[in-house]
Every structure is written in structure tokens, then in C-alpha cells.
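Working notes, beginning with the structure itself.
Side-chain atoms are counted along with the backbone in the values below, which use heavy atoms only and exclude waters and symmetry mates. Lettering of chains follows the sequences in order, A, B, ..., and the numbering in each one begins at 1.
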There are 2 protein chains.
Amino acid sequence: MFELSQLRCFVAVAEELHFGRAALRLNMTQPPLSRQIQILERVLDVRLLERSNRAVRLTPAGQRFLVDARHLLKLAESAAVLARRMASGKAGSINIGFTATSAYSYVPALVAACRRELPDVEISLKEMVSSEQLKRLDSGEIDIGLLRPPIPRGNLDAFRVTAEPLVTALPGDHPLAKAAELRLEDLAREPFIMYEPYEARYFHDLLVELFSRAGLVPNYAQHLAQIHSILAMVHSGVGVALVPEAAANLRFSGVVLRPVLMQWQRPAELFFVRRGDNDNPLLPVIAGVARDLAAQPGSIQSMDRSIQ
Amino acid sequence: MFELSQLRCFVAVAEELHFGRAALRLNMTQPPLSRQIQILERVLDVRLLERSNRAVRLTPAGQRFLVDARHLLKLAESAAVLARRMASGKAGSINIGFTATSAYSYVPALVAACRRELPDVEISLKEMVSSEQLKRLDSGEIDIGLLRPPIPRGNLDAFRVTAEPLVTALPGDHPLAKAAELRLEDLAREPFIMYEPYEARYFHDLLVELFSRAGLVPNYAQHLAQIHSILAMVHSGVGVALVPEAAANLRFSGVVLRPVLMQWQRPAELFFVRRGDNDNPLLPVIAGVARDLAAQPGSIQSMDRSIQ
DNA sequence: TAGGTCGATACCTTTTTTGGATGGATCGGC
DNA sequence: GCCGATCCATCCAAAAAAGGTATCGACCTA
């Protein structure tokens, strides 16, 4: 089979229709160029150029082959460029897992930043609970997890990307909505909408500890896993709830969010997690983007901080 | 830039994930194979394979490059195949000029035969008068001319493909239509529709000589260039005409064709003409098809010989 | 017919590639 | 934990390929 260097020789001769000038262009002398063309013709078993001692011209097969040769050279070049881009993490594809709640704050910001800074990167997003993400990280089905603690020891690299305070969600016409700030004790007296202990284990355990440390026993009206379901219940007057601040992005009409005073506080944390031995060259680049984004909290935790 | 041989090396290693086996497949030993891969990686400035001393695996960039490498090799192969096919005259494109009258008989048969025997050949047909064809043959705009005599001396190769008798065209209700066969003298007494002396010079000159040799002076009712126009005039009762037998293919209703007895006969001839120095490899192949077709007259001169 | 042009060829030099031998690292069995 | 096996990388001498100079031979021009 022929080689790409021979194609370059052929294209030069076909364009110059003159071996001497083509050789000049290729930074070589005429005899080896003649030989390369001969080898190419012998390998193909096709006469590509008609050399009539006074003029060089393309045969019909040569004309056709010239098109293909140019095409091949162009493809080879772009394959090299693409490989370099992928190796440097400027292109490629990556699978990201995220929790349902992170979709209200961090995930859109991360995706937007990646689209802006890495336009040729294909990001595929999959919503799944934290434990599922850990499993899929291990199996390699996702490259990045955006998940809640706890993060098990092992070959996982992780860093925190958001830490949001919890705020109270209550119906707009609720008496407590008039206050600018609530205390945890106020909530314990109201019917309280709680997180599911399994599907929303992180928030469930967080609130359990919160109330337990404050010595309060809330009045659970309902258990739900999804924040939007919880806000819908609040809206219907079923009770009040504690939700991460980014829930403001849902703009649930008729529901107001109020800061809540607590003795013992712990923010809702989201971690960027990846396997230490994942060699996808995009990973360090996207991790950098994710870290930069986490460093400027204003733009992340809540895309619109006005709490109505 | 890299070479195709290096792509073949890379594909083999990527598929075997084992340098030794890949080298075996490539009919070489392992050390040069290792080096070729290293050269490829250095040229690209991209790590394609992760060699962990116990296992070989593709990096993400390598995975992507493998796709492109396979694609390039496939394209190179098909470019070579196509060049060979074109050189052998099994593929390619050819420009054919033809006269208006030949479109009723020989041209469709030739095109059909080419499509059948040379399915990958692209035939472009251009109708033009014989003199125009000679000009375009000379300039290289057409490769083949299907034209009427005379054919000038020069670097043209030509052979006759059809020789059709002239037949009389007359209205179905004409008194002479009852006869199975007419004599030329019968026609000289009728209003006669004649060919244009310039645009249809061949037929004009042919008929002029015909009548002159028979010592007849026809009564010219009208001069026209195109056979279908002439038949339309016959249909309208403007007069009678002499047309090549293949005009039967037009199936002009209300017009009948009758053989005509002549002392001095000359058929309407059509020639396949090409430049001697045209190196289109399709030419000899198509000339062969054309010659074969000419050798079986039944299928050509008239696709439907029944003269109504 | 002499001089110039241009691709092919001959021949030599340089570079590249090849393949056997070997090195070094890792894994598995005992 | 040692030993042998496996496997890729490296070294080196030999072979092959490519490149360069000089020259040939055909052809065109003057």
C-alpha cells in the first residue's frame, strides 16, 4: 500500500504539473520525486500522470485519485488535530452523574461554564442518587459524580463545590411568612414535610441530626424525596419544610423562603467526585472549571438570590 | 506527519492490545513495531496507548484516533480500488455528443448497453449537430461523437454504427398509403417536406443527391431541421417526407411509413467518432460496446420495426 | 543543428527501518 | 519471598529505503 508522503508528492506534481517545481515545493530534488511517483504508480498499478517529455498531465484515473489524495491528506491532518485536542482535554466526551437537588444550582452553572470554555466537549448528564453515582463511578459508567456525603475511602478524588444553608419553605399566606427570619423551634410546632429516609438519605439524616441537636421533635406531616414535590406540598398548605437555598431557583409561586436561625448549623454540601485512576484527559480540565466555579459562590448556590 | 504504515501498526496493536501478537499479524517483530508506535505518538504529540507492563490499553485520545485511523485506511484502500477501476475503464465519466436523429435509434440502445455492462460509468449526453460535435471533440469537451458524415481527416478514429434505409412518411389517409411500397417518382409529384440545408445538412444533401440521380425535381412544400417537426407536418397533411427508418420509434399517430424503391440507394449512416489521442480509459471499452451493438442490427436501427 | 528544457536513470551517500539480543518491570506459582 | 514467565522498551549491527549528484535521452526552439 502507498504512504501519505507519496500522496503529498503526487499532489504537488499534480498541482504544478512539473516535477522540478514540485520537488522545489517539497524541499527535495527532482530524481527522488520521480521515483516516489513511480513507486506510487507501481503500487496502485495505475498510470496517474502522462509524462510526454514536454508536458506533464493527469490521466483520468489520476484526476480522480488527486481528489481522493487531497481528501486523505486533509483527513489525516484533522485526525491528528483532533487527537491532540482530545489529549489536551479540549475535546472529547464525559459522563456526569448528579443528584436531583444539585440540578437546581450547581449543575446548570457547571454545564454552562463547560460549554463556554470547552465548546467541543460533549457532556452527557445522568440524574441518579449519590449511592448510585458511587457505583457507576466505580464501574466507569460515569466519569464525574456530583453527589452528597458521605464519600467512601478508596481511589476516589473529591472536593466540595457547594455548601448551601438550609432555608424554611412556607406558604405565602402563613403567619410565620411575615417574619424576616425564623427559629428552628417555630418549625417544630408546624406540620413538617420531611425527606424520605432512603431516596433522600442525605437530607433526611441532616435534618434528623439538626432537630436532635436542638432537642426538638418535629411533627412530620409527610415524607418525600424530591424538592419540587416538597415545595408543591408546602404550596398546598400541607406543612412547612427545610430546603437548600438553591430551591429559590425553582420559583415556586405562593411559596416563600425564609432564613432560619440555628444553634448548630451545617450546610448542605455537594462534592465533585472522580476516580483517581480515570485517565480521561478532560477530567483535570473540567475539575479546574468546577473548582473555579465553586470559588465564586455568588454565581452558583443560587442563580437568583432574591428570596421572596 | 505520520504514515499509513504507522496507522496499520497502531490499528493492529489497538485491536490485539498486545505488541507481540500485533507484530505477528503485521509480519514483523516486536521491537520495530514498538518503535513505530512511539514515532507515531511523538509525531502526534499524543499518548495513544497506555502500556502498563502487564496490559496495553487505549487512552481516550487513542480510542478516538483508532476510529480515524481505520477510516483513513479504508479510504486509502477504496481510493486505490477506484483508481484501478478507472484506469481499467470500469468506472469514470464520459461525455457523448449525438445528433437529434440518432436519439431515435442508436443512442438509447448504446446508453442502455453501457448502463448494463458498465454500471459505475457516468454518461453525460449532449445533443448537437455533427459539425458542432467535431468542434467539441477537438476541444475535448466531448469524448465521443455520434454523428453523420462527412468525417474530416485528422486525428479522429471513427466507425459506422448504423446504416438505415430511408422510408416515406405520409398521412394515414393519403391515397399512396394503400400501397405497400412506393417509388421515388410517386413522391416527386407530392408536396415534399425537405430538410433544412444548414441545420440538417446531412439529410438535406443526401436527399438532394437522391432526387438528382433519379432525375427528379421534387415539389418542396417546406424546409425543416427536426424529424419530429417533419412528421408533425406530414400528420397535418402539409406533404410527404423521407425519414430514416428509426423514425418509427417516434410512433407518430396518423402517419404511416412505407419503404421506397430507389435505383440509387444510400442509407443514412451514423458514425462513432473519437479523437485518437483521447486517453480516457473508458473509450476503448465503450467503443467495444458500441461496435458490438452495431453488429446486431435488429436491435438497433429500429427498436420496433413494424411499420404501420 | 546547437542549445535548452525536462523527466528518467545510474550511482553513491545518508537516513531509516529492521530484527536479534538484552534489559527491566511486573505478575503468578510454589 | 523467591523464581520463572511474560511483555514492552532499548541497544546494536545489518539491511533497506530515501535522498542527492551527475548524466542520459527525448524533444522543442531558434
Side-chain angles (χ1 to χ4, degrees), chain A residues 1-59 61-63 65-66 69 73 76 155 276-277 279, chain B residues 1-59 61-63 65-66 76 155 276-277 279:
Chain A
M1 178 57 71
F2 53 85
E3 293 296 330
L4 289 181
S5 60
Q6 291 162 349
L7 294 189
R8 266 185 293 278
C9 290
F10 170 64
V11 170
V13 175
E15 281 173 0
E16 299 285 347
L17 291 178
H18 189 289
F19 279 71
R21 279 197 299 276
L24 210 65
R25 216 174 86 179
L26 293 165
N27 291 316
M28 62 196 302
T29 53
Q30 171 261 319
L33 175 59
S34 284
R35 269 195 19 168
Q36 287 304 321
I37 299 292
Q38 287 166 18
I39 293 171
L40 178 59
E41 288 182 325
R42 198 170 57 237
V43 168
L44 290 175
D45 192 27
V46 169
R47 187 146 202 83
L48 299 171
L49 294 159
E50 206 64 57
R51 291 84 122 180
S52 56
N53 229 339
R54 201 67 201 166
V56 177
R57 61 197 187 102
L58 286 161
T59 63
Q63 268 173 40
F65 193 70
L66 175 59
L73 291 173
N155 62 348
D277 59 352
D279 60 356
Chain B
M1 178 57 71
F2 54 84
E3 293 295 333
L4 289 180
S5 60
Q6 292 162 350
L7 293 189
R8 266 184 293 278
C9 291
F10 171 65
V11 170
V13 175
E15 282 173 1
E16 298 285 347
L17 291 178
H18 189 291
F19 279 71
R21 280 196 298 276
L24 210 66
R25 216 173 86 179
L26 294 164
N27 291 316
M28 62 196 302
T29 53
Q30 172 261 319
L33 176 57
S34 284
R35 262 190 35 140
Q36 287 304 321
I37 299 291
Q38 288 165 19
I39 292 171
L40 179 58
E41 287 182 325
R42 199 170 57 237
V43 168
L44 290 176
D45 192 26
V46 168
R47 188 147 202 82
L48 299 172
L49 294 160
E50 206 65 57
R51 289 85 121 183
S52 56
N53 229 340
R54 201 67 202 165
V56 177
R57 62 198 186 101
L58 284 162
T59 63
Q63 267 172 40
F65 192 69
L66 175 59
N155 63 347
D277 59 352
D279 60 355

In numerical order, the residues of residues 13-25 of chain B whose heavy atoms come under 4.0 Å of DNA chain D are B:His18, B:Phe19, B:Gly20
With distance as the sole test, does [X] use its side chain to make a donor-acceptor pair with the main-chain N or O of [Y] at under 3.5 Å?
X: B:Arg51; Y: B:Leu49; value: yes
X: A:Gln30; Y: A:Gly20; value: no
X: B:Glu41; Y: B:Leu48; value: yes

Quick one: [atom1] on [X] to [atom2] on [Y], what's the gap to the nearest 0.5 Å?
X: B:Leu17; Y: B:Glu50; atom1: CG; atom2: CD; answer: 12.5 Å
X: A:Leu66; Y: A:Leu7; atom1: CG; atom2: CG; answer: 10.0 Å
X: A:Leu26; Y: A:Arg21; atom1: CG; atom2: CZ; answer: 13.0 Å

> OP1, OP2 of D:dA9 versus side-chain N and O of B:Ser34: anything below 4.0 Å?
Replying inline: yes
With sequence neighbours left out, the residues meeting salt bridge (Lys or Arg N to Asp or Glu O under 4.0 Å) with A:Glu3 are B:Arg8
* Can you find a heavy atom in the side chain of A:Val46 that is under 4.5 Å from one in the side chain of A:Phe65? -> no
5'-most to 3'-most nt of DNA chain C touching chain B (<4.0 Å, heavy-atom partner on protein side) reads C:dT17 to C:dC27
Across all chains, not counting sequence neighbours, the side-chain contact (heavy atoms from CB on, under 4.5 Å) partners of B:Gln63 are B:Leu58
Residue pairs passing the salt bridge (Lys or Arg N to Asp or Glu O under 4.0 Å) test with at least one member in residues 25-37 of chain A, sequence neighbours excluded, are A:Glu15-A:Arg25, A:Glu16-A:Arg25
Letter by letter from the 5' end, nucleotides 17-29 of chain D scores (B base, S sugar-phosphate only, - none; protein heavy atoms under 4.0 Å) -BSBBB--BSBS-
